[in-house]
Engineer: 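Here's a structure for you.
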Amino acid sequence: MELSKTYDPKQAEQHHYERWEHQGYFAPEINRDPKAPVFSIVIPPPNVTGSLHMGHALQHTMMDVLTRYKRMCGYRTLWLPGMDHAGISTQLMVTRELKKERLTRHDLGREKFVERVWKWRAESGGQITTQMRREGASVDWSRERFTMDEDLSRAVREAFVHLYEKGLIYRGNRIVNWCPNDQTVLSDLEVQKDPQAGKLYYLQYPVKDSDLRLTVATTRPETMLGDTAVAVNPADERYGTLVGATLSLPLTNREIPVVADTFVDPEFGTGAVKVTPAHDPNDYEMGLRHNLAQIVVINQHARMTEAAGPEFAGLDRYAAREKVIEKFSELGLLEEVLDYEFSISKCERCKTVIEPLISTQWFCRMELLRDKALELLAREQKPQFVPAVPYEKIYYNWLESLRDWTISRQLWWGHQIPAWYTKDGEVIVARSFEQAREQAGTEDLTQDPDVLDTWFSSALWPFSTLGWPEETPDLKTFYPTSVLVTARDIIFLWVSRMVMMGLEFMGREPFADVFVTGTVLDSHGQRMSKTKGNGVDPLEVFDKYGVDATRLTLASVGSTDTRWNEKQVESYRNFANKIWNAARFCLLNSVGATVDPNILVTKDPDLALHDRWIISRLNKTARDVRQSLAGYDFHEAVQTLYHFFWDDFCDWYIELSKTAVTAEEATSQRITARSRLLTVLEQALRMLHPFMPYITEELWQRLPLAPEKLLHPAYEGASPAIMLAAYPESDETLIDEEAEWEMQAIIDLISRARNIRSEMNIKPSERVKLLVGAKDERLRAVFLSSSDQIARLVRTSELSIKEQLTAPRASARAVLVGGAEIAIPLEGLIDFELERKRLSRERDKLQAETAKLEAQLANPQFVERAPAEKVNELRERIVDLAQRSARLVKTLEALR
RNA sequence: GCCCGCUUGGCUCAGUGGUAGAGCACUCGCUUCACACGCGAGGGGUCAGUGGUUCGAAUCCACUAGCGGGCACCA
């Protein structure tokens, strides 16, 4: 069962997931402790049309790290997966399919079309669930939900009716954002503003019974056909006399008034604004204020209506624009045309220019819901955003200026609005057709054809997925959830709405914390996007470097935007290989040994220094990683683990253990040393597991261990897996600062000796004589007790440790922290000039440092005002530095 | 227009009042019996600029510049 020299991620990624899933490890039921604390996350449901991208991989990594970590800590843990029906995207997807068969959705009719969507979902929807398994995501598939499931749909109807009965949902005729391409209304959040180079047209409107003309400026001349007034600022002296006058609207036979409205900015354009209440949100408001008619001249297809006049009816809005300009020019009423940059509203999805239209839609009043969310934030600081800056403020500001939410959509795929109309046009809102029939007293009802905004059902996700409106055990156990992990672009669309709906329907916040991840940008700092084609496919990265290495890379992104850097993944791939080979070494020397956590909890004074040291390091690492994860500092946690494993464990502990572990004779010491090494490795694997589930499981299964003893007590009786092992705890009493100090002295000594070897160009194969002088008794004792280790790692032929250093003149020397000195005699080999230069450089560095510190100490204000502790620290450092540079000076003199 | 963030070695990023860090890249040396996806040693930064607060600023404050983000308006 020997391990290969190189870690093969594909091999390790093959079987473990299936086993984890089938053993039920991901379900909270695996936890048998009735008193176990609860940890729950609901996944931000990916679109059913979606395929895994880097953003998902990033979020999923963090959610999985938290979930696996909490599970190993003994929490009753649920990470609930699911998908979103994604109204428009999915409908478009299926519409495109139909197009290939030369069909439109209207050819099929609503019922058949919806059937077709379900069929599409069954056959090709939800690819992402397979991809998530590849990621290692430990979600409970037995609780997978889809927003269009019957029970979630029921929750949607329940919520709708409740809000309607409370007066928070209403049907109204208002100006809305209309996408002429998708043929549906959109909420303000689904509209994106793009800067665009355009023109500003100055049009002249003749004043009735006068030679005067009033000039208005507009970017949309075609809407003039629907003008019902011109507005000026009441304070604008230029137009004072014209207020109340009548204008003859060109190209029509209408007459329109000049009205005064403070909305008008006298500075802009001519200070006179054409007012088109039916086709501009501001004009709509102004129209209401002045009781102006709304003349609809553009229809849902962005074509001119009959009301635009026979010459224009049927023209596309842009063709109509050309024609209006042409006519104005002919009439001599076109004053000028200026280049003008402005931002234009576009459909976020298809980038079609939005047409503001007056339309009857369903809206949700937000004030009451919003106030509850604001109150929660003010009173309980919930949800707690991480990082708090800037998200808490962004969230707060947005809530404050919230407007009504347009919740109806003119689509077929989605939750059809539970409202029915009688023949007389009476509106019946009910939980079902049966209820509506009872209420109406007739069967002759027509259901509203519209569906709800997809985000309406998403807003209910944290409780609808747990069974609401039923009071299910899951709902009681897992709501509120622990944390929401998401990208920043859906804080308004989703996060805030979940908070509001959670408070309304559950009376409690849906989650305690919101962790907002950073964004993975491309290598040039651009956002990855499908249209730009600059996205990196996580699945390809998995193939090339392994899932675990990718996860480490993504976890390191944390909450800051980071450019994609393949080198980073490569370095974590190397790390995985390092882990593999460290385990390989441990296993190659494991005969007779076994993993035994008890071996690491004794504070036996007879333990070797490196053993005391690694136990201390291990406990510190567990402490630090736990602390980092508690604050969602994934980056820090990864760094801590990386350096513990590579630097402490591989570079030093394994090296220092070699003598004992690879001893020829099968003594009990050898077994103990081997067991200790294996046990440290096993603890490290556990700590790494939430980040690197595959390699840790693969190796853990190969270790000589009694698995049932290592499981967290909550999982007693379960078939063993590292993911059910207890996450290492930190025992403060095992943190041994003395051992760390002593070990640091050894590391320092070895490093300085190696430095001399390297600088003096001594071949690695050549053994040297190492002389050590340490006045400090404690230091000397430390060196003496580790002399075999020092000799081996420095590759000495002879090692002498004494109080005083006596070395031949022809030696290379160094002065260590603490004042110890080392020398390597180099009879015939030393280049005195080189050595003098080396030592002088060192001396200059020390002296410069000393001078800096002395200057600081010479400042009376520093001594007076700085904390005594800092002043003492500085004094001690100066003493050490002075001592060391004095030794160097002496050494240099001897070389003269 | 309003609000916010970022600027640290060649690159990608940590750190955040008291001795500048990592990975990669670079230089030198190594088939040292786990690993060349490796081992050992090393070079490289006045922490964007200016001013202020402080005994002390890369870290706090103000301003400037560059980059990025959010919101509002845009007739």
Side-chain angles (χ1 to χ4, degrees), chain A residues 3 5-7 193 195 200-203 216-220 223 230-231 263-265 268-276 280 282-283 286 340-344 387 389-391 393-394 397-398 401 488-489 491-492 519 521 523 525 527 545 549 556-558 560-568 570-589 633 635-636 638-639 642-643 650-651 654-655 658 662 750-751 754-759 761-765 792-793 795 849 852-853 856 859-867 869-871 873-874 877 881:
Chain A
L3 267 57
K5 267 193 166 187
T6 311
Y7 170 55
K193 311 263 169 100
L200 191 58
Y201 303 88
Y202 286 74
L203 309 180
V216 295
T218 180
T219 55
R220 298 198 61 193
T223 62
V230 167
F263 170 81
V264 180
D265 173 8
F268 191 90
T270 61
V273 186
K274 59 188 273 313
V275 184
T276 322
D280 180 279
N282 292 312
D283 293 5
M286 236 188 304
Y340 179 63
E341 181 156 334
F342 62 108
S343 52
I344 196 158
V389 178
Y391 299 113
K393 202 167 171 185
I394 289 178
N397 288 345
W398 185 78
S401 57
R488 67 166 157 270
D489 45 4
I491 290 179
F492 307 145
T519 309
L521 308 169
S523 56
R527 271 188 98 86
Y545 297 103
S556 295
V557 167
T560 42
D561 292 358
T562 305
R563 294 167 189 224
W564 180 252
N565 180 2
E566 197 168 301
K567 284 282 181 192
Q568 186 64 251
E570 194 181 315
S571 101
Y572 285 128
R573 187 271 319 262
N574 295 351
F575 179 53
N577 194 54
K578 188 75 180 174
I579 296 171
W580 182 259
N581 275 289
R584 184 163 176 264
F585 173 80
C586 298
L587 286 169
L588 284 171
N589 297 285
D633 193 343
H635 184 277
E636 184 69 22
V638 169
Q639 292 306 307
Y642 182 94
H643 291 293
C650 293
D651 286 354
I654 288 183
E655 290 308 322
K658 275 184 176 168
T662 60
I750 293 172
S751 302
R754 282 170 168 173
N755 171 253
I756 291 175
R757 292 189 58 120
S758 187
E759 299 258 316
N761 299 317
I762 298 165
K763 284 214 164 58
S765 53
R792 202 165 50 81
L793 295 181
R795 297 179 79 77
E849 180 75 11
K852 208 173 104 188
L853 297 184
Q856 201 180 343
N859 181 350
Q861 286 185 307
F862 168 71
V863 183
E864 206 175 295
R865 301 197 191 180
E869 177 199 326
K870 292 287 171 198
V871 179
E873 208 179 285
L874 192 84
R877 269 171 52 210
L881 284 169

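Per chain, numbering begins at 1; letters A, B, ... match sequence-line order.
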Engineer: Taking atom C1' in both U8(B) and A22(B), compute the distance separating them and give it to the nearest angstrom.
Structural biologist: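 Pairwise C1' distance, U8(B) against A22(B), rounds to 12 Å.
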Engineer: Just checking Arg757(A): base, sugar-phosphate only, or nothing, at a heavy-atom cut-off of under 4.0 Å?
Structural biologist: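 Since no nucleic acid heavy atom lies under 4.0 Å of Arg757(A), the category is nothing.
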Engineer: Please name all residues satisfying ring pair (Phe, Tyr, Trp, His ring centres under 6.0 Å) with Tyr572(A), sequence neighbours left out, ordered by chain then number.
Structural biologist: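 Counting only residues at least two positions away or on another chain, Tyr572(A) forms a ring pair (Phe, Tyr, Trp, His ring centres under 6.0 Å) with Tyr642(A).
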Engineer: Given atom CZ of Phe263(A) and atom P of C73(B), what is their separation to the nearest angstrom?
Structural biologist: 9 Å
Engineer: Is there a donor-acceptor pair closer than 3.5 Å between any side-chain N or O of Arg877(A) and the backbone N or O of Leu853(A)?
Structural biologist: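 Pair absent, no side-chain N/O of Arg877(A) close to backbone of Leu853(A).
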Engineer: For Leu200(A), answer base if it contacts any base atom (sugar-phosphate contacts may also be present), sugar-phosphate if it contacts only those atoms, and nothing otherwise; contact means non-hydrogen atoms under 4.0 Å.
Structural biologist: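 Result for Leu200(A) = sugar-phosphate.
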Engineer: Give every pair of a protein N or O atom and an N or O atom of nucleotides 26-32 of chain B that lie under 3.5 Å apart, one pair per line with the distance.
Structural biologist:
none

Engineer: Check side chain to side chain contact (heavy atoms under 4.5 Å, CB included) between Tyr202(A) and all other residues, then give those that pass, not counting sequence neighbours.
Structural biologist: Leu200(A), Thr215(A), Ala217(A), Thr270(A), Glu335(A), Glu336(A), Leu338(A)
Engineer: Just the rounded figure in Å: distance from P of G23(B) to CD of Glu570(A).
Structural biologist: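 Answer to the nearest Å: 15 Å.
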Engineer: Between Ile750(A) (CD1) and C39(B) (P), how many Å, whole number?
Structural biologist: 16 Å
Engineer: Which part of the nucleic acid, if any, lies within reach of Pro860(A) when heavy atoms closer than 4.0 Å are counted: base, sugar-phosphate only, or nothing?
Structural biologist: nothing
Engineer: Distance check, rounded to the nearest 0.5 Å: Thr662(A) atom OG1 versus Leu588(A) atom CG?
Structural biologist: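 Thr662(A) atom OG1 to Leu588(A) atom CG measures 11.5 Å (nearest 0.5 Å).
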Engineer: Which residue lies toward the 5' end of RNA chain B, Gly525(A) or Ala576(A), if each is placed at its nearest nucleotide?
Structural biologist: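 Its nearest nucleotide being more 5', the pick is Ala576(A).
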Engineer: Does Glu869(A) reach a base, just sugar-phosphate, or nothing at all? Heavy atoms under 4.0 Å.
Structural biologist: nothing
Engineer: Take atom C1' in C37(B) and the same atom in A48(B), then report the distance between them in whole Å.
Structural biologist: 37 Å
Engineer: Rounding to the closest angstrom, what is the interatomic distance between U7(B) and U53(B) at atom P?
Structural biologist: 25 Å
Engineer: Students often get this wrong, so: under 4.0 angstrom with heavy atoms, is Asp265(A) touching a base, only sugar-phosphate, or nothing?
Structural biologist: base
Engineer: Would you call Phe862(A) and Leu874(A) a side-chain contact if the rule is heavy atoms closer than 4.5 Å?
Structural biologist: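 Phe862(A) reaches Leu874(A) side chain to side chain.
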Engineer: The side chain of Ser571(A) is closest to which nucleotide in this list: U19(B), C24(B), C35(B)?
Structural biologist: C24(B)
Engineer: Nearest 0.5 Å please: distance from the OH atom of Tyr7(A) over to the CG atom of Asn574(A).
Structural biologist: 13.0 Å
Engineer: Picking from G18(B), C73(B), C37(B), which would you name as closest to the side chain of Gln856(A)?
Structural biologist: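 Of the options given, the side chain of Gln856(A) lies nearest G18(B).
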Engineer: Name the closest nucleotide to the Lys578(A) side chain, picking from A41(B), G5(B), C35(B).
Structural biologist: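 That would be C35(B).
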Engineer: Between the protein and nucleotides 8-14 of chain B, list every N/O to N/O distance that falls short of 3.5 Å.
Structural biologist:
from   : atom 1 : to        : atom 2 : distance (Å)
U12(B) : OP1    : Arg563(A) : NH1    : 3.4
C13(B) : OP1    : Arg563(A) : N      : 2.4
A14(B) : OP1    : Thr560(A) : OG1    : 2.1
A14(B) : O2'    : His635(A) : ND1    : 3.3

Engineer: Nearest whole Å is fine: how far is C37(B) C1' from Leu3(A) CG?
Structural biologist: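 That distance rounds to 15 Å.
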Engineer: Would a distance-only check, ignoring hydrogens and angles, find a side-chain to backbone donor-acceptor pair under 3.5 Å from Arg584(A) to Leu3(A)?
Structural biologist: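 Side chain of Arg584(A) to backbone of Leu3(A): a pair is present.
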Engineer: For Lys852(A), check side chain to side chain contact (heavy atoms under 4.5 Å, CB included) against everything at least two apart and list the hits.
Structural biologist: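 Side chain to side chain contact (heavy atoms under 4.5 Å, CB included) list for Lys852(A), sorted by chain: empty.
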Engineer: Students often get this wrong, so: under 4.0 angstrom with heavy atoms, is Val264(A) touching a base, only sugar-phosphate, or nothing?
Structural biologist: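 Base contact.
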Engineer: Using the C1' atom on both, measure U59(B) against U19(B) and round to a whole Å.
Structural biologist: 15 Å
Engineer: Is Glu849(A) touching bases, backbone alone, or none of the nucleic acid, heavy atoms closer than 4.0 Å?
Structural biologist: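 Since a base atom lies under 4.0 Å of Glu849(A), the category is base.
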Engineer: From C-beta outward on Glu759(A), which listed nucleotide comes closest to its side chain: U19(B), A36(B), A41(B)?
Structural biologist: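 Nearest nucleotide to the side chain: A41(B).
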Engineer: Where the side chain of Val389(A) is concerned, which of G5(B), G40(B), C35(B) is the nearest nucleotide?
Structural biologist: G5(B)
Engineer: Can you tell me how far the OG1 atom of Thr219(A) sits from the OH atom of Tyr340(A), to the nearest 0.5 Å?
Structural biologist: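 So the gap between those two atoms works out to 7.5 Å.
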Engineer: Is any side-chain N or O of Arg573(A) under 3.5 Å from a base N or O of C37(B), one able to act as donor and the other as acceptor?
Structural biologist: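 Yes.
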Engineer: Check the distance between C35(B)'s P and Asn577(A)'s CG and give it to me in whole angstrom.
Structural biologist: 10 Å
Engineer: In Å and rounded to the nearest 0.5 Å, what is the OH to CD1 distance from Tyr391(A) to Ile394(A)?
Structural biologist: 6.5 Å
Engineer: Do Arg488(A) and Asp561(A) meet the salt-bridge criterion of a basic N to acidic O distance under 4.0 Å?
Structural biologist: yes
Engineer: Round to the nearest Å and state the distance from Arg488(A) atom CZ to C71(B) atom C1'.
Structural biologist: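 Rounded to whole Å, this separation is 15 Å.
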Engineer: Does RNA chain B take part in any stems of at least 3 consecutive Watson-Crick or G-U pairs (both distances under 3.5 Å), and if so, which ones?
Structural biologist: B:1-7 with B:65-71, B:10-13 with B:21-24, B:26-30 with B:38-42, B:48-52 with B:60-64
Engineer: Taking atom CZ of Arg754(A) and atom CD1 of Ile762(A), what is their separation to the nearest 0.5 Å?
Structural biologist: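 Nearest 0.5 Å value for the CZ-CD1 distance: 13.5 Å.
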Engineer: Is Thr223(A) close to Lys274(A) at the side-chain level, that is, under 4.5 Å between some pair of heavy atoms?
Structural biologist: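 Touching, per the 4.5 Å side-chain cut-off.
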Engineer: What's Cys586(A) touching, base or sugar-phosphate or nothing? Going by heavy atoms closer than 4.0 Å.
Structural biologist: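 Nothing, no nucleic acid heavy atom in range.
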Engineer: Quick one: closest heavy-atom pair of Arg527(A) and Asp489(A), and the distance?
Structural biologist: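 Looks like NH2-OD2, 3.5 Å.
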Engineer: Please compare Gln861(A) and Ser751(A) by the position of their nearest nucleotide in RNA chain B and report the one closer to 5'.
Structural biologist: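 The answer here is Ser751(A).
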Engineer: Which value, rounded to the nearest 0.5 Å, describes the distance between Lys567(A) atom NZ and Glu570(A) atom CD?
Structural biologist: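 Spacing of NZ (Lys567(A)) from CD (Glu570(A)) equals 4.5 Å.
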Engineer: Roughly how many Å apart are G18(B) and C4(B), using the C1' atom of each and rounding to a whole number?
Structural biologist: 30 Å
Engineer: Measuring only the P atom in each nucleotide, how far is A20(B) from C28(B)? A whole number of Å is fine.
Structural biologist: 29 Å
Engineer: Could you state the atom-to-atom distance from NZ of Lys393(A) to P of C2(B) in whole Å?
Structural biologist: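 From Lys393(A) NZ to C2(B) P: 14 Å.
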Engineer: Send over the distance from Arg584(A) CZ to G38(B) P, rounded to a whole Å.
Structural biologist: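 Atom-to-atom, Arg584(A) to G38(B), this comes out as 15 Å.
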Engineer: Side chain of Asn581(A), heavy atoms from C-beta onward: which of C35(B), G38(B), A41(B) has the nearest atom to it?
Structural biologist: C35(B)
Engineer: U46(B) and A57(B): how far apart are their C1' atoms, nearest whole angstrom?
Structural biologist: 13 Å
Engineer: Under 4.0 Å, heavy atoms only, any strand: does Lys274(A) hit a base, just the sugar-phosphate, or nothing?
Structural biologist: nothing
Engineer: Rounding to the closest angstrom, what is the interatomic distance between C11(B) and G45(B) at atom C1'?
Structural biologist: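 Those two atoms are separated by 14 Å.
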